[in-house]
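Counting starts at 1 for both ligands and their atoms, following the listed order.
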Amino acid sequence: MRLLSRLLLAALIIAATGARAEDGYDLWLRYRLMSGELLKSYRESAREIVPGTPSATLNVAQSELARGLGGLMGMELPVSAQPTRDGSVIFGTPASSALIARLKLDGAAGGLDRTGNEGYLIRSLGYEGHRVTIIAANADIGVLYGTFHFLRLLQTHQPIEHLDVVSAPRIQRRVLDHWDNLDRTVERGYAGQSIWDWHKLPDYLDPRYTDYARACASLGINGTIPTNVNASPIGLTRPYLQKYASLADVFRPYGVRIYLTARFSAPIESGGLKTADPLDPAVRAWWRAKADEIYALIPDFGGFLVKANSEGQPGPQDYSRTHADGANMLAEAVAPHGGIIMWRAFVYSQNQPDDRAKQAYAEFVPLDGKFRDNVVLQVKNGPIDFQPREPFHPLFGAMPRTPLMLELQITKEYLGFATHLVYLAPLFEETLRSDTYAKGPDSTVAKVIDGSLSGHGPHTTGMAGVANIGSDRNWTGSHFDQANWYAFGRLAWDPALTSADIAAEWVKMTFSIEPAFVAPVVGMMLGSREAAVEYMTPLGLHHQMSRHGHYGPGPWVGGGARADWTSVYFNRADAGGIGFDRTKTGSNAVAQYTPHVAGQFADLKRVPEKYLLWFHHVPWDYRLSSGRTLWDELVIDYTQGVQRVSGMRSTWAGLAAFVDPERYAQVSAFLAIQEKEAKWWRDASIAYFQTFSQRPLPAGYEPPEHDLQYYEALCFPYVPGSAPQPCQ
Ligand code: GCU
């Protein structure tokens, strides 16, 4: 009896503090029971659910409402055909709900005329003597998005009595690119195996697929590319198409469409043709037949994503054709079905001696205006490759007659894998707000990709994120990496959101609403990307990681198959200084930016110091705005990065009371790994660059723990996310 009451007491304490065992599976959709005054007011504002005519998507919305409201408020809500009391939540479209049709939500006082196909409005109204909330949209999917928005308001403890929300996505295609292979390995994946259990598909549908679609829908993500851009030709064979079709059936009610990666040489490898020449009639016929076959199985198939003539992948240039020839051939095949081609601009060639940062521009700018309407060029945020910091890609200011979509990397290939706490929204935001000056000031990347700068009428818009999702129980390999999936989705819906607002929302939903927790954790997240830049690649350095697996520092990496896969190619450190001269005296990559931007980047006095060594080769004794020499500043930045991580550790150490022990412990352990590895990056980089600078460390700064030989000798043959590499 005594034991029983002690157990009861413990359960009560756990329920009261919210500190119960959690493994992260529930993501930001935890819907844990609230308490306090607000709960009382919510219980008055949400007392019954009033659906209209059901559909697959509206059923999902209804069960989400029941689950969310039920969980947060600890009660089961009755379902009614009509509002019977104050606190009815009425949801649907004018077509599915006679009540919503009657409310006449068009026109100035309305809003449905502003919400398009996917948007929604949420409004508090008086209806036949009752105070009700409506969640209305033109299409079912908008109702589902609105439902998640409504629940987010409760999860983040916003008032819900006087709502007047109108929301519509600024970007049309909001997609996750999974770099998942058919053997379930994930290229640059740090969260276990692929979530797609190809071997058991199409017959066994893991419930995780539904949970994945639900999480995507909660953010407005409306497309997924389940397979790697380094595509296997087997991926387009009939058995695999059937597997994708079964996934598409699961995803459909959640508004998530499937797209597929296409290997350009598939007509040879799986079609038995002698060529994959895009102008060959037999090749064109093969792709048309393939598209027809896919659409017969997946009627809402989105189209193809293609990596061609890049890093060894086949492409149209193998037949002396252009990227436009290749993309247009595929575009023609999917056009009758309304599909699109996302053609990647991430191309550079080993036969091209010019600066790797310049090659995509050189390839694609001459093709501006030569792509079919249903082709979108998918451009990475920067001209190299998802580095901790890059200036925006010059293509964003240079292709006015071609729809461009932005490709971001959510998986942290270059930012510490799953163990480093690096919140990526500030990186995404930095890109979106970069001003290309393509049409004068305020021609931001966000405006280029959302179509508002378009000089050629409305066109397809899109934003893709390379997914960080895997089979790990917590989906993303670490609890904080969930925030990067979340931030990508939220920014794809509305690129004007701020990193700080997104972080606060996510923390409240994922961990705790307590201000004493939210403020320090948001602070930690907001500073984390800058910390990683500092301990890895300060002042515009880039591509300084170890070879192959990209795990840990490798500023000495040189030689090998191609120069532009080495670190020395990018850091250019020598006795005279460090940095890549991309001005007129060097590769002149600056000239690919519009004159206003180019002028700033090219001028040593005006280039933002965060991009200094990206654009300039600078002497070790060059004075920065701080008054310090470049060498001293580098050492101080590396050190500061490590210190910031130590600060994150101590912040987290004070927050145990707010978090369940499981998640708390994993975050603590990962922060310890991050601190150790940040120090490794700092020490190895300083040890290497000091061999050129030949300068002492600034007073009070500790020398590297080991000598350079020690760091150079470290080797990791088995690194997650890449094929094993024997140590030489
Ligand atoms: C990076 C990454 C590769 C990937 C490539 C791409 O280079 O290391 O694994 O294939 O990007 O975006 O295609």
Per-pair distances, ligand 1 N/O vs protein N/O, less than 3.5 Å:
from	atom 1	to	atom 2	distance (Å)
ligand 1	7 (O)	Glu311	OE2	3.2
ligand 1	7 (O)	Asp385	OD2	2.7
ligand 1	8 (O)	Arg188	NE	3.0
ligand 1	8 (O)	Arg188	NH2	3.1
ligand 1	8 (O)	Glu413	OE2	2.5
ligand 1	9 (O)	Glu187	OE2	2.3
ligand 1	9 (O)	Arg188	NE	2.9
ligand 1	10 (O)	Glu187	OE2	3.1
ligand 1	10 (O)	Asn230	ND2	2.9
ligand 1	10 (O)	Lys307	NZ	3.1
ligand 1	11 (O)	Lys380	NZ	3.1
ligand 1	12 (O)	Arg344	NH1	3.4
ligand 1	12 (O)	Arg344	NH2	2.6
ligand 1	12 (O)	Lys380	NZ	2.7
ligand 1	13 (O)	Lys307	NZ	2.6
ligand 1	13 (O)	Arg344	NH1	2.8

Qualifying salt bridge (Lys or Arg N to Asp or Glu O under 4.0 Å) pairs with a residue from residues 185-196, counting only residues at least two apart or across chains | Arg188-Glu413

Contacts of Gln674 that satisfy side chain to side chain donor-acceptor pair (under 3.5 Å) - sequence neighbours left out | Tyr535

Side-chain donor-acceptor pair present, Asn181, Asn228, cut-off under 3.5 Å = yes

Taking the six-membered ring of Tyr240, is the NZ or CZ of Lys243 close enough (under 6.0 Å from the centre) and on axis enough (within 45°)?
-> yes

Establish, yes or no, whether the cationic atom of Lys412 lies under 6.0 Å from the six-membered ring centre of Phe417 and within 45° of the ring axis.
-> no

How would you list all residue pairs meeting side chain to side chain donor-acceptor pair (under 3.5 Å) that involve residues 460-476, not counting sequence neighbours?
-> Asp23-Arg473

